[in-house]
Amino acid sequence: MASRRIKLAPSILSADFSRLGEQVAEVTKAGADYIHVDVMDGHFVPNITIGAPVVASLRSWTDLPLDVHLMIEQPEAHISQFAEAGADIITVHVEAATHLHRLVEAIKDLGVRVGVSLNPATPISSLDEVLPLLDLVLVMTVNPGFGGQAFIGSMMGKIARLRKVLDDRQARVELEVDGGITASIAPKVAEAGAEVLVAGAAIFGSKQGAGKALQEMRKSLGLSG
């Protein structure tokens, strides 16, 4: 864990949308590295969240990279609007892509970083043919759709296996983990090989406030500041 820089990406899925900008500014000041934006369409996952206009509105509240996670059907029809809205990273799901290689290339052509996400039951091998093209791989440690779910314990082994694959191939790809991340689980996930930790409910749902919760998670990971 010490040899890799660990980043925290608060997920606005659990934020108070009546004061979203303020909360994003709060975690930015508290030391967040990315702002994670979960986009859900009610089809690929059983929930509906936000679209490109909200992504665009966040830019005035933070200068951090906007890490946009598309949990939607037919992502190829929407990637350009998210890039235009200011997404710095666009992550799509293996399970939602009919032509994954083409989709990854299309995102790269938009001039943004590209990520691919794996649901809990999706094997690492599904990345084999696109891994050299990626900037980020996202391992879901809950079944996507809703915030506040518990971390699936068996995913710890999957994180470690993917870490080994990336290291063996000397892939310059960030390993991101999303789902059930808390201050107590975060160090274990980092030890397994994750580099970017997405946390929603543990930060924005905390009674002590988002900024303090983020600082506590940073402390749990031994991060300074």
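Atom set for the values below is all heavy atoms of this structure, side chains included, hydrogens, waters and symmetry mates excluded.
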**salt bridge (charged side-chain N to carboxylate O under 4.0 Å, His left out) between D33 and R5, worked out** = CA-CA 11 Å; D33 297 284; R5 183 184 171 222; 2.6 Å; yes
**Check: L175 main-chain N/O paired with E195 side-chain donor or acceptor under 3.5 Å** = yes
**Asked** Mind checking whether I6 and V173 sit in one hydrophobic cluster, side chains of I, L, V, M, F, W, Y counted as touching below 4.5 Å?
**Response** yes
**Pairing residues for D41 by the side-chain hydrogen bond (donor to acceptor under 3.5 Å, both in side chains) criterion, not counting sequence neighbours** = none
**Test side chain to side chain contact (heavy atoms under 4.5 Å, CB included) applied to L8 and L197, I203, V196, the passing residue** = L197
**Message:** Would you compute the distance between atom CG of D109 and atom OG of S80 and round it to the nearest 0.5 angstrom?
**Reply:** 12.0 Å
**Request:** Answer yes or no: is there a side-chain heavy-atom contact under 4.5 Å between V137 and L127?
**Result:** yes
**Request:** Considering non-hydrogen atoms only, spot the tightest contact between A87 and V68 and give its length.
**Result:** CB-CG2, 3.5 Å
**Request:** Please step through side-chain contact (heavy atoms from CB on, under 4.5 Å) for the pair L131 and L134, ending with a clear verdict.
**Result:** CA-CA 5 Å; L131 194 57; L134 302 182; 4.2 Å; yes
**Request:** List the steps, then state whether side-chain contact (heavy atoms from CB on, under 4.5 Å) holds for L103 with I79.
**Result:** CA-CA 9 Å; L103 179 56; I79 56 174; 4.1 Å; yes
**Request:** State the OG-CG distance between S117 and D178, to the nearest 0.5 angstrom.
**Result:** 7.5 Å
**Request:** Could you tell me whether the side chain of E26 and the main chain of G211 form a donor-acceptor pair under 3.5 Å?
**Result:** yes
**Asked** Are I35 and D67 side-chain neighbours, meaning at least one heavy-atom pair lies under 4.5 Å?
**Response** no
**Asked** Is it true that the side chains of T49 and D38 contain a donor and an acceptor less than 3.5 Å apart?
**Response** no
**Asked** Is F146 linked to I152 within one hydrophobic cluster, defined over Ile, Leu, Val, Met, Phe, Trp and Tyr using a side-chain heavy-atom separation of less than 4.5 Å?
**Response** no
**Item:** Gap between atom CD of E191 and atom CZ of R163 - 0.5 Å precision
**Value:** 12.0 Å
**Request:** Give the intermediate values and the outcome of side-chain contact (heavy atoms from CB on, under 4.5 Å) for residues N143 and V45.
**Result:** CA-CA 9 Å; N143 287 294; V45 292; over 6 Å; no
**Message:** If you apply the rule salt bridge (charged side-chain N to carboxylate O under 4.0 Å, His left out), what do you find for R113 with E174, and how did you get there?
**Reply:** CA-CA 11 Å; R113 296 172 64 195; E174 286 191 311; 2.8 Å; yes
**Prompt:** How about V92 and I107: do any of their side-chain heavy atoms sit closer than 4.5 Å?
**Reply:** yes
**Fill in**
Taken to the nearest 0.5 Å, the spacing of K158 NZ from T141 OG1 works out to 10.0 Å
**Request:** Report the C-alpha separation of D16 and R19 in whole Å, then their side-chain angles, then the decisive distance to 0.1 Å, and conclude whether the salt bridge (charged side-chain N to carboxylate O under 4.0 Å, His left out) test is met.
**Result:** CA-CA 6 Å; D16 178 353; R19 55 187 199 93; 3.8 Å; yes
**Message:** Applying side-chain contact (heavy atoms from CB on, under 4.5 Å) to V116 and L100, what does each step give before you reach the verdict?
**Reply:** CA-CA 9 Å; V116 167; L100 182 60; 4.1 Å; yes
**Message:** Would a single hydrophobic cluster contain both V165 and V130, if residues Ile, Leu, Val, Met, Phe, Trp and Tyr are joined by side-chain heavy-atom contacts under 4.5 Å?
**Reply:** yes
**Message:** Between M217 and I185, is there shared hydrophobic-cluster membership here, with clusters defined by ILVMFWY side-chain heavy atoms closer than 4.5 Å?
**Reply:** yes
**Message:** Looking at every non-hydrogen atom in both residues, tell me the closest pair between I159 and A194 and how far apart they are.
**Reply:** CG2-N, 4.0 Å
**Asked** Does V37 reach the side chain of V54, with side-chain heavy atoms less than 4.5 Å apart?
**Response** no
**Message:** Using salt bridge (charged side-chain N to carboxylate O under 4.0 Å, His left out), reason through K7 and E176 one step at a time and then give a plain yes or no.
**Reply:** CA-CA 9 Å; K7 300 178 182 178; E176 184 173 55; over 6 Å; no
**Salt-bridge contact D88-R59 (side-chain N to carboxylate O under 4.0 Å)** = yes
**Prompt:** Got a sec: does the CD of Q208 have more than 12 other heavy atoms crowding it under 6.0 Å?
**Reply:** yes
**Message:** Testing the basics here: between V114 and K108, what is the closest heavy-atom pair and its distance to 0.1 Å?
**Reply:** CG1-CG, 3.7 Å
**Fill in**
In short, S11 meets F204 closest at the heavy-atom pair O-CD1, 3.1 Å
**Greater than 12 external heavy atoms within 6.0 Å of E105's CD** = yes
**Complete:** For L214 and A32 the tightest heavy-atom approach is CD2-N, 3.4 Å
**Prompt:** Does some side-chain heavy atom of H36 sit less than 4.5 Å from a side-chain heavy atom of I12?
**Reply:** no
**Message:** Please find the pair of heavy atoms, one from P144 and one from N119, that lie closest to each other, and give the distance.
**Reply:** CG-OD1, 3.1 Å
**Request:** Measure the NZ-CG distance between K164 and L162 for me, rounded to the nearest 0.5 Å.
**Result:** 12.0 Å
**Prompt:** Considering only heavy atoms from C-beta outward, does the side chain of M40 approach that of L13 to under 4.5 Å?
**Reply:** yes
**Asked** With a cut-off of 6.0 Å (strictly less than), are more than 12 heavy atoms of other residues, nucleotides or ligands near CD of E129?
**Response** no
**Asked** Would you call V189 and I181 a side-chain contact if the rule is heavy atoms closer than 4.5 Å?
**Response** yes
**Message:** Check D128 with R169, please: is the shortest side-chain N to carboxylate O separation under 4.0 Å?
**Reply:** yes
**Prompt:** Among the clusters formed by ILVMFWY side chains lying less than 4.5 Å apart, do I90 and L58 turn up in the same one?
**Reply:** yes
**Item:** Separation between NE2 of H69 and CZ of F82, rounded to the nearest 0.5 Å
**Value:** 12.0 Å
**Message:** Any heavy-atom pair between the side chains of H93 and L70 that's under 4.5 Å?
**Reply:** no
